[in-house]
Each structure stands twice: as structure tokens, then as C-alpha cells.
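Data block below; observations after.
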Amino acid sequence: MHGSACRLAGWRAARRLAVLAVCVGVAAAQAVPSQKTPPTFRRVVVDPLFRSEGIAVADVDRDGDRDLLVGDFWYEAPLWAPHRVRKGRALGDGANGYSECFCCFADDLDGDAYPDQIVVGYPGKGGRWYGNPGASGGDWAMHEFAASVCNESPQWVDLLGNGKKGLLCGSQPDGTMCWLSPGPDATAVWPRLVISAAKASGTEPFSHGLGVGDVDGDGRNDVLVTDGFWTQPKDPRAAAWPFTKAPLGAACAQMHALDVDGDGIRDVVSSSAHARGVWWHRQQVTGDGVRSFASADVHTAVTQTHALCMADLDGDGQQDLITGKRWWAHGRDGDEDPKGTPYLLWIAVAPGTPPTFTPHVIDASSGVGTQFEVIDLNGDGRLDIATSNKNGVFVFLQAPR
């Protein structure tokens, strides 16, 4: 069905859409008025159909333009022409099912200088990557790198700070938190760096909440879940990492370490996967090194914020939070406010005692999936946003200010 004339016509129509930017600044009650004009965005519908809940950005064909990788397709910039990665099934509107692409990442895994696609399918199933055929074209060869990838927010990260990325995720049946990175032969099962003891928090297939950041300020990345964090030791491969139990909020999406209040100590930010709330968890450290966390709201108007990115979106030197509503995460009637407005928004963070948070609506008819990207798509020096969910595939190009 994907190759039918009807769907091709839909793609072409989508590429011709010229949609005015939607950017409505909504100031929080306690927010201080900004001295800079907030960024605005031009919304582009890449594909009006449900393709996946995750998206990657990479120069797939090595022509100098950044393209999109979304489930069974990649879209060629700048006109977003669709190309197949593999054969797949039609997903309809997603009301009664899920994609086999909850998260999507891109990296050159086989050393041929072409970016390949890393896919995390349905939670708990195996992890796969698809080899970019390059100039020869055709279907992309599939390789399974792990039998089990768990947690709904696995992340492709340089965990050890040595320039090599891998997938941070839970693993079953042992219930360990792991970092999976390709060995000399990327087509073989990837070696595991086991971070935790068995039966650890955040390692079930449908666990919610996972992140990476330097929580303790020692210059090394730690691993975050809602029950606490693993501290990276000097030798990260020696044994299971020490775990600090801490109340880091309710079930959430991606977690980030950020000094929210400007006291020199990194806090934790998270967003609700299926209920309501974006939160920060203030960290305090006593003189004898005891750490404690207290949670507070950042934003409560948007529900099911099942994906959260952190980036300096407006270029003021301060990290912002970018999130939105995951449309129909569990169908038309599941979770809180399933038919609510599918917002995409960013939240400016102003450190202080207390910090202030100013939300800005980017769009009101798209939302996010379970993973998206904030990146300069068109090379103009401004950060843009690429999303994919049950409403379709979108890019939001930041306008000059």
C-alpha cells in the first residue's frame, strides 16, 4: 500500500504545503519578561501519515543536506522526497496499534562514511540497525545487535566521554541497565557494558524514565532513572556502578541534568509520559556530601509529554526545554486528556531563587512521539526541530530574528 499512487499523491501534496508558523508566546505567571524576541518557526509537513514515534537526522545520501530517517523511510532534503529503507506495513491513524520504531538514531556503524539507521522497535524486543546501501540504492540490510532493548526512552549517547556512542537501555531477562556499543564487527551482537546489578530499576520493557548527565559534578556522565542514579566510576568497566537512591519524580520520558536554579549544582528535569507535568528536581548537597532532591513543577498545561529534549533553542547561552504532547499514546481514550491539543512547545529556563519558566507554543497540531531531534537542519546556524508521531512527520525551521 505504501507504493500506491494515492500515497505518493499524499506525499507530493504534503511537500507542497506552505504552512504559516505557529508561535504563540504563553508566559508563565511568575515569568520575567524576556528582553529578546523569542524564536519563531516555519512548520513543514513532511508526511501526513503515521510512520513512527522516533526520528533521526543525518546526511543519508552525502549530498551536504541533512535528511530525515523515520521508520521504514528516509526523506531527502530539502524537498523531503520519500525513499524506502525497507518494506513495512501501513499503520493507519495509530488509534489501534503502534509502530515498530519507538526511537530512531543515525550513525556510521560499518565505516563506509554513510550514516546507518539504528531502530528501537516495540519496547522489550530486539534492537536492530539497517545498513545504508549508499549510492547503489535498494533496501537496507538488517542486523540485530541485541535480543532485548527495554525502557521506553533508550538513548544513543557517548556515555564514557571518549567520542564513541552506543545505546543506553535496559535489558531482559537479567534486568540490567546496559550500554551497547558496536565492536569490531558491527553486524555481530554488540558487546554490553553492564552498569547495574540484576533486577535494577528502569530495566523492564515498559519502564518510564532514563537519562544521562553529570549529577555529582565529577566530570563523568551518570545514568538517571526515577528511583535514583548510577555514578560512573573512574574505571567504568570494572564492576557495577554505585547506585544512589533518590526520588526523581513520577514515570517520565528522557531525563536531563541541568543546573536549574544557578546554585552550581546540577538538578534533574523530566516530563510526564502519560499524565501531566514537566518537573525539576532540585538537588542539594550537605557539607558531608549527602545529596537530597525536592520536586517542583515547571509546566502543567500539556499532558503526555512523552519526549523531552534540552538545548539552547534561542541562543542566549541557557539551556531550554523542548517537549510536547504525544498524540494518542494509548489510543483515542487512553491516559490523561487524550484528545487535548497536540502542542509542541519550548520552555525558557531563567535560573534564580526561585527559577522562572516561560513556555512558548511552537505548534498546536502536531506534538511529539517518544523521541525527536533538535538540530540545525538547514545549516543557517539556528536550531530546528524534527518530530514524528501519529499526526505525521514534521520539521520546524527556526526563522531569522
Side-chain angles (χ1 to χ4, degrees), residues 1-19 41-94 97-108 114-121 128-142 327 342 344 363 365-373 375-379 384-397:
M1 290 182 67
H2 288 298
S4 69
C6 178
R7 293 188 185 280
L8 286 174
W11 279 318
R12 293 184 182 117
R15 294 200 303 272
R16 291 195 297 268
L17 285 175
V19 184
F41 295 83
R42 180 169 63 88
R43 176 180 187 263
V44 179
V45 180
V46 175
D47 191 331
L49 301 179
F50 174 33
R51 298 300 184 189
S52 77
E53 300 278 5
I55 189 168
V57 176
D59 184 1
V60 173
D61 52 1
R62 295 183 59 198
D63 66 350
D65 293 326
R66 285 177 166 165
D67 311 301
L68 306 176
L69 284 153
V70 181
D72 299 333
F73 294 87
W74 71 274
Y75 298 88
E76 183 182 352
L79 297 180
W80 311 117
H83 304 269
R84 276 201 174 277
V85 172
R86 57 191 164 271
K87 294 178 181 178
R89 61 185 176 87
L91 299 175
D93 62 6
Y98 301 92
S99 75
E100 286 291 337
C101 183
F102 268 58
C103 295
C104 186
F105 309 102
D107 212 332
D108 178 15
Y114 281 90
D116 307 301
Q117 183 192 40
I118 302 110
V119 172
V120 176
R128 298 180 174 90
W129 71 274
Y130 295 82
N132 186 340
S136 63
D139 284 353
W140 298 32
M142 186 276 285
W327 185 247
L344 175 68
D363 185 62
S365 56
S366 57
V368 299
T370 51
Q371 169 262 329
F372 66 100
E373 287 219 28
I375 191 171
D376 181 3
L377 276 164
N378 54 10
D384 311 301
I385 302 169
T387 68
S388 181
N389 67 3
K390 293 182 175 74
N391 277 320
V393 183
F394 304 88
V395 297
F396 299 88
L397 301 174

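Excluded from the calculations below are hydrogen atoms, water molecules and symmetry mates; all remaining heavy atoms, backbone and side chain alike, are included.
When every heavy atom of F396 is checked against every heavy atom of S366, the shortest pair comes out as CZ-OG, 3.4 Å. Residues N132 and P115 approach most closely at ND2-O, 3.0 Å, considering heavy atoms. Smallest separation of non-hydrogen atoms from A58 and A106: CB-CB, 3.7 Å. Taking each heavy atom of D116 and L69 in turn, the nearest pair found is O-CD1, 4.5 Å. A pairwise comparison of heavy atoms in W129 and G131 identifies CZ3-CA, 3.6 Å as the closest pair. Scanning both residues, A386 and L68, for their nearest heavy atoms gives CB-CD2, 4.0 Å.
With sequence neighbours excluded, no residue satisfies salt bridge (Lys or Arg N to Asp or Glu O under 4.0 Å) with R66. Legend: residues meeting side chain to side chain donor-acceptor pair (under 3.5 Å) with D61, ordered by chain and number and at least two apart, are absent. Not a single side chain to side chain donor-acceptor pair (under 3.5 Å) links T370 to another residue, sequence neighbours left out. The salt bridge (Lys or Arg N to Asp or Glu O under 4.0 Å) search around R86 returns D72, not counting sequence neighbours. Applying the side chain to side chain donor-acceptor pair (under 3.5 Å) test to T387 and every residue at least two apart in sequence or in another chain returns nothing. Shown here are the salt bridge (Lys or Arg N to Asp or Glu O under 4.0 Å) partners of D93, two or more places apart in sequence or in another chain: R332. Partners of P133 under the side-chain contact (heavy atoms from CB on, under 4.5 Å) rule, at least two apart in sequence or in another chain, are S136, W140. With sequence neighbours left out, the ring pair (Phe, Tyr, Trp, His ring centres under 6.0 Å) criterion links Y98 to Y122.
No donor-acceptor distance shorter than 3.5 angstrom exists from the side chain of D363 to the backbone of G367, with no hydrogens or angles considered. Without hydrogens or angle criteria, D47 side chain to G392 main chain gives no donor-acceptor distance under 3.5 Å. Side-chain N or O atoms of D65 include none that pairs as donor or acceptor with a backbone N or O of E76 at under 3.5 Å. Checked by atom type and distance alone, the side chain of D107 never pairs as donor or acceptor with a backbone atom of I118 at under 3.5 Å. Judged by distance alone, the side chain of Q371 and the main-chain N or O of I55 form a donor-acceptor pair under 3.5 Å. Judged purely by atom type and a 3.5 angstrom limit, E373 has no side-chain atom pairing as donor or acceptor with the backbone of D384.
For residues 128-138, the salt bridge (Lys or Arg N to Asp or Glu O under 4.0 Å) pairs, not counting sequence neighbours, are R128-E144. The list of salt bridge (Lys or Arg N to Asp or Glu O under 4.0 Å) pairs with a residue in residues 97-106, not counting sequence neighbours, reads E100-K125.
Annotation: side chain of Y75 is in contact with side chain of V70 (closest heavy-atom distance under 4.5 Å). Between D67 and V57 there is no side-chain heavy-atom pair separated by less than 4.5 Å. Proximity of F73 to R84: side-chain heavy atoms (C-beta onward) are separated by under 4.5 Å at one or more points. A 4.5 Å side-chain heavy-atom check between F394 and V44 finds every atom pair outside the cut-off. A heavy-atom distance below 4.5 Å is not found between the side chains of V85 and D139. No side-chain heavy atom of V395 sits under 4.5 Å from any side-chain heavy atom of I385. The shortest distance between side-chain heavy atoms of R51 and S99 does not fall below 4.5 Å.
Once rounded to the nearest 0.5 Å, the distance linking SG of C101 with CD of E53 reads 9.0 Å. One finds the CD atom of Q117 at 11.0 Å from the CZ atom of F105 (value rounded to the nearest 0.5 Å). In this structure, CG in N389 is found 8.0 Å from CZ in F50, a value given to the nearest 0.5 Å.
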